[in-house]
Amino acid sequence: MDLTEKAELARKGDKEAFVLLVRAIQQSLFVIARSIVKNNEDCADAMQETIAKAFSNVHTLKEPAYFKTWIIRILINECNQINRKKKRVSLIPYDLRKTSYKEEYEQIELFEVIDELDEQLQTIVTLFYIEDMSVKDISNVLEVSEGTVKSRLFRARKQLSELVLGEGEDKYELS
């Protein structure tokens, strides 16, 4: 059974289908939340609130095929709300994030470079490159035009290139 079928069952009230859906995408949710809020406690809070809101509102989901996009939108809103409440930005190593990737050392460096981007650009880069979402899906999730997503990706690529190649050849090694 694929995610769309599970989402349709969850929308009709099947609790087990909802649990299976959340389990199937929980790693993606974690990576996205972690890229926005930057610490484990806030990440856990955002995920918990997201799952609770999604569960109580899953019946309002119009198109089951877009369940993942729908829940990511909820997650991003929760993370942004947490950041607004705290009014802070902290740089914490991605100890838990690296566990989901094979080449741990390279991934830590990747996330350190992404952390140096503006917050808006971090989200776009995480959704596009880490979560492999399309420009169209990112545009739906962030509620911005596809052109805006493309221009932010362009700016992010330019900044990443400057960070990696320009400032710190000794800090970030390219292979």
Side-chain angles (χ1 to χ4, degrees), residues 1-12 14 17-38 42-84 94 96-102 106-107 110-111 113-161 163:
M1 184 181 309
D2 71 350
L3 291 180
T4 304
E5 292 169 343
K6 289 177 190 169
E8 181 60 38
L9 291 173
R11 189 172 73 146
K12 292 178 180 177
D14 186 332
F18 182 83
V19 169
L20 292 173
L21 276 170
V22 171
R23 284 189 181 147
I25 63 170
Q26 86 183 48
Q27 185 65 31
S28 293
L29 294 176
F30 176 79
V31 169
I32 292 165
R34 187 63 190 261
S35 75
I36 297 171
V37 296
K38 308 284 191 268
D42 290 343
C43 184
D45 289 345
M47 288 183 64
Q48 185 175 11
E49 282 299 313
T50 297
I51 292 167
K53 284 183 179 179
F55 181 75
S56 61
N57 293 300
V58 72
H59 64 280
T60 65
L61 179 63
K62 293 178 183 162
E63 183 57 52
Y66 296 114
F67 175 82
K68 185 175 180 180
T69 303
W70 176 74
I71 199 167
I72 288 172
R73 177 74 248 161
I74 296 169
L75 178 69
I76 289 171
N77 287 337
E78 287 301 316
C79 291
N80 289 337
Q81 185 175 348
I82 287 171
N83 281 341
R84 278 191 300 274
Y94 284 83
L96 292 177
R97 237 203 228 174
K98 72 179 181 186
T99 60
S100 65
Y101 297 95
K102 293 177 185 167
E106 291 174 6
Q107 292 301 324
L110 169 67
F111 290 120
V113 174
I114 291 173
D115 279 345
E116 293 185 36
L117 295 173
D118 297 333
E119 211 170 295
Q120 266 185 353
L121 301 181
Q122 286 178 17
T123 302
I124 294 278
V125 166
T126 301
L127 293 174
F128 189 77
Y129 290 108
I130 309 298
E131 291 306 313
D132 200 29
M133 290 179 71
S134 69
V135 168
K136 182 179 180 179
D137 287 344
I138 294 170
S139 137
N140 290 333
V141 167
L142 299 179
E143 297 174 343
V144 297
S145 72
E146 288 182 36
T148 301
V149 172
K150 289 177 184 177
S151 69
R152 288 180 185 170
L153 275 170
F154 177 81
R155 279 197 331 254
R157 287 184 195 113
K158 185 176 178 186
Q159 283 184 21
L160 286 169
S161 175
L163 288 168

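This one's a predicted model, so the numbers in the text were calculated from it and none came from an experiment.
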Original post:
So, the side chain of Gln159 versus the backbone of Ala156: is there a donor-acceptor pair under 3.5 Å, distance only?
Top reply: no
**OP:** Please tell me if the side chains of Arg157 and Leu160 come closer than 4.5 Å, counting only heavy atoms from C-beta onward.
**Re:** no
Original post:
Counting distance only, does the side-chain N/O of Asn57 pair as donor-acceptor with the main-chain N or O of Lys53 below 3.5 Å?
Top reply: yes
Subject >> Minimum heavy-atom distance between Asp137 and Met133, given as atom pair plus value >> reply: CB-CE, 3.7 Å
Original post:
Are Asp118 and Arg152 within salt-bridge range, i.e. N to O under 4.0 Å?
Top reply: no
Cut-off 3.5 Å, no hydrogens considered: what does the side-chain donor-acceptor table look like for residues 62-69, sequence neighbours left out?
none

**OP:** Examine distances only and state if a side-chain atom of Ser56 and a backbone atom of Ala52 form a donor-acceptor pair shorter than 3.5 Å.
**Re:** yes
Original post:
So which of Thr50, Ile25, Val141, Ile138 actually passes side-chain contact (heavy atoms from CB on, under 4.5 Å) with Ile72?
Top reply: Val141
**OP:** Inspect the surroundings of CD in Gln48 and state if more than 12 heavy atoms from other residues, nucleotides or ligands are less than 6.0 Å away.
**Re:** no
Subject >> Donor-acceptor contact below 3.5 Å, side chain Arg11 vs main chain Leu61 >> reply: yes
Subject >> Exercise: identify the closest heavy-atom pair between Ile114 and Val125 >> reply: CD1-CG1, 3.8 Å
Original post:
Do any N or O atoms from the side chain of Glu78 and from the backbone of Glu49 form a donor-acceptor pair under 3.5 angstrom?
Top reply: no
Original post:
What's the shortest heavy-atom distance between Lys6 and Leu20, and which atoms?
Top reply: CD-CB, 4.0 Å
**OP:** Write down the atom of Ile36, the atom of Cys79, and the distance for their closest heavy-atom approach.
**Re:** CG2-CB, 3.4 Å
**OP:** Examine the side chains of Ser28 and Glu131 and answer whether a donor and an acceptor come within less than 3.5 Å of each other.
**Re:** yes
Subject >> Atom pair CG (Asn140) and OG (Ser134), whose distance is rounded to the nearest 0.5 Å >> reply: 8.0 Å
Subject >> Least distance between heavy atoms, Ala17 atom then Leu9 atom >> reply: CB-CB, 3.7 Å
**OP:** Would you tell me whether Asn80 and Arg84 have side-chain atoms, one donor and one acceptor, within less than 3.5 Å of each other?
**Re:** no
Original post:
Going by distance alone, is a donor N or O of one side chain under 3.5 Å from an acceptor N or O of the other, for Ser145 and Thr148?
Top reply: yes
**OP:** Work out which heavy atom in Arg73 is nearest to a heavy atom in Leu142; give both atom names and the distance.
**Re:** NH1-CA, 2.9 Å
